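Heads up, the thing below is written out as structure tokens.
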Amino acid sequence: MSNRLAPALVLALLSACGDDTSTSTDGGSATSSGTTTTSTSGHVPTTSSAADPTTGASDSLSATGPTTGDTVTPTTSGDTTTATTGDTTSPATATETATDVTATTDATSTTAATGDTTGDTTLDTTTMTTGTPGCADVTDCPAEASECHAPACQAGVCDEVALLPGAPCATGVCDGDGTCVECVLPENCPMGQLCIAQQCVPPTCDDGAENGMETDVDCGGPVCAPCSPGGACEDDSDCQSGVCTGQVCQAAACDDGVENGGESDVDCGGPDCPLCGTDDACDDDLDCESQVCTLQVCQAPTCDDAQRNGQETDVDCGGPTCPECQDGESCQSGTDCDSGVCTGQTCQPPTCNDNVHNGQETDVDCGGPTCPKCQSGEDCLVDADCDTDACENGQCADPLPACASAPADPATGQRCPLFMPCASNSECGVFQGCQQWFCNPSKTCELNALSNCGTTKGGNCNAGVMFTQTDDPPVDKRFLPPDNVNFREVATLAFTVYNNTASALRLDKIPLTLETMGGGSAFDVSSAKLYQDSGGAEFSVGDLYVHLTGNPFSFPANGVLGPAAGSAASQVNAGQSKRFIITLAFAKEKTFIAGRSYRVKLVNPAGVTFKVGFNGPDYVGTNCGVPPEGFIGAWVTAQNP
């Protein structure tokens, strides 16, 4: 606001300076630094001397009406001249003269100045005039005022007063002291900015206030750092933990579904949460279940990663997938240990009494260089592993009987008896003619006597039924007595029946004679069996069982096998033939028979009966082909090896 001097003071100053020039209210004021010139006429001031009015450009106005003058106030910096241009209307008479006066002061100015009057400073001056009072109210004053001021009429003088704070101005709002500033309140600033020291500034994340787009003081929102637990939030991204619940940031937890806190992956890793699984992110080995972190990814356990992980019971050993652990390493069960012995969760060294096949043993607690020798049937590598000093095909064998090393029978090729335990074919015999002695998969001696391999006896006759016998096989043979088994069954006789009739015939009864040797008895034979030969071997799997006759050589059988016609396997179709085999069976309940021999003979073919069809009438035709001495079977001899 400008400071104006009272009119009386202005007159006093002019008088003191010896200047009797009157001052008109129609003019303006000129202000300069050092010299001030004031022009009060309604015309442009002249440069003539005031002492010689005849030499100057003095204007004399004579009028009967109002006079309008233009006042110009120029302003300069340094020697400042102020010219005010205005249309002033002054009443005058015809005799009044308005004189242009120029008043100059060097030391004392008629202008009151604020601030420094030297240099390039624009002074705020107010020139008071005498004459008609300046204003009755504000409407008498100029409508325009300086920025952040409003015109006012004070004590009859036009003045300016500062606008209230917040009033709009060219660059912002007024501050209430007459200055235009950017702001006085936050509301004066663009949305989101703050008013600090009357200037609008963007909010910052360290100004100690919740402002801008923050959700709490200096945190949250799209710009500032996330808030700590307990801070206000609008969504998860506002929080350090990434969890905003009920508009409050939650502390990181190991079950919140978010990777936060010290976790290396979601809810795992770090100092507080469970270990991470395979393919989860990690910072170091300690974050992983496998204890192996490679390229910040947890690796699956392996048996060569130098860590005890997965299902291992010790480092890279034990469990279902890794190698067995060595002595002294940790275990859960014997299967974790190379020795097979886990005691006190520690693998133990093998011993010869730990009931486990381990160390250099060839079987459980036996064999090898340090343990006792193995018994028959136990595993071995060399003969020295066995108590019998015989290792056959990886197993300890019983000492070979004398028959195994005896010369083979020159007629049959047999060495040891049928059914004897064996380890190789040579123990049983050698191939001789139609006989093939071998050690079968059950590891017992067996005979594969080929059918239709020898000479034929009988036949060569014409009748409804013709018989022939293959003398070889069956062949004389030795068998093991029925010790430790229920019975032994051995083939003794084979013959072929040719049916030359037009009807199917069924073999029903066969009269046989038993011969014994070496003390054998008819009562030693527990039964005789009739089979239909399937072809191939003398007596083998595949032969069709026809009939069994118990105690055939004692009452009531008296050497007759049958009746057998009820079995379809006994049938010989018309125009065809069938080969039948008779075996003798010896039960363990019978008399001890070692060293005894037995064979059967078919002497009287007339006693052989057939049925026509199934249980039909007896065949009454003729038969032929059995020689006078009959069909004689092979000797079967019971023999211990």
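Along the sequence shown, the residues carry numbers beginning at 1. Just so it is clear, the model here is predicted, and its values are computed rather than measured.
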Tell me whether D363 contacts the main-chain N or O of D379 through its side chain, where contact means a donor paired with an acceptor under 3.5 Å. yes
Where do Q571 and N573 land on the side chain to side chain donor-acceptor pair (under 3.5 Å) test, with the steps shown first? CA-CA 6 Å; Q571 180 170 299; N573 292 330; 2.8 Å; yes
Salt bridge (charged side-chain N to carboxylate O under 4.0 Å, His left out) with [X]: which residues, sequence neighbours excluded?
X	answer
K578	none
R308	none
D389	K373

Flag side-chain contact, heavy atom, 4.5 Å: [X] against [Y]:
X	Y	answer
D327	P350	yes
Y619	N499	no
D283	C293	no
D543	D533	yes
D618	F610	no
C337	C342	yes
S567	H547	no
C371	D365	no

Could you tell me how the ring of F479 sits relative to the ring of F419: parallel (under 30°), tilted (30 to 60°) or perpendicular (over 60°)? perpendicular
SG proximity flag C391/C380, limit 2.5 angstrom: yes
SG-SG distance C366 to C352 under 2.5 Å: no
Under 3.5 Å side-chain donor-acceptor pair for [X] and [Y]:
X	Y	value
Q250	S241	no
S442	T444	no
Q395	N393	no
T501	S503	no

From W635 CH2 over to K477 NZ, what is the distance, rounded to the nearest 0.5 angstrom? 12.5 Å
Roughly how far, to the nearest 0.5 Å, is the CD atom of Q414 from the CD atom of Q639? 7.5 Å
Pick out which of S290, C298, P301, C288 makes a side-chain contact (heavy atoms from CB on, under 4.5 Å) with T278. P301
Exactly one of L512, I582, V626, V600 should register a side-chain contact (heavy atoms from CB on, under 4.5 Å) with F631. Which one does? V626
Show, in sequence, the C-alpha distance, side-chain angles and deciding distance for Q435 and T412, and conclude whether the side chain to side chain donor-acceptor pair (under 3.5 Å) test is met. CA-CA 7 Å; Q435 288 73 48; T412 65; over 6 Å; no
Tell me if the OH atom of Y545 is crowded by more than 12 foreign heavy atoms within 6.0 Å. yes
Taking R415 first and then D409, would you say they form a salt bridge - that is, a charged N and a carboxylate O separated by under 4.0 Å? no
One pair to check against disulfide bond (SG atoms under 2.5 Å apart): C422 and C445. What are the steps and the verdict? CA-CA 6 Å; C422 58; C445 286; 4.1 Å; no
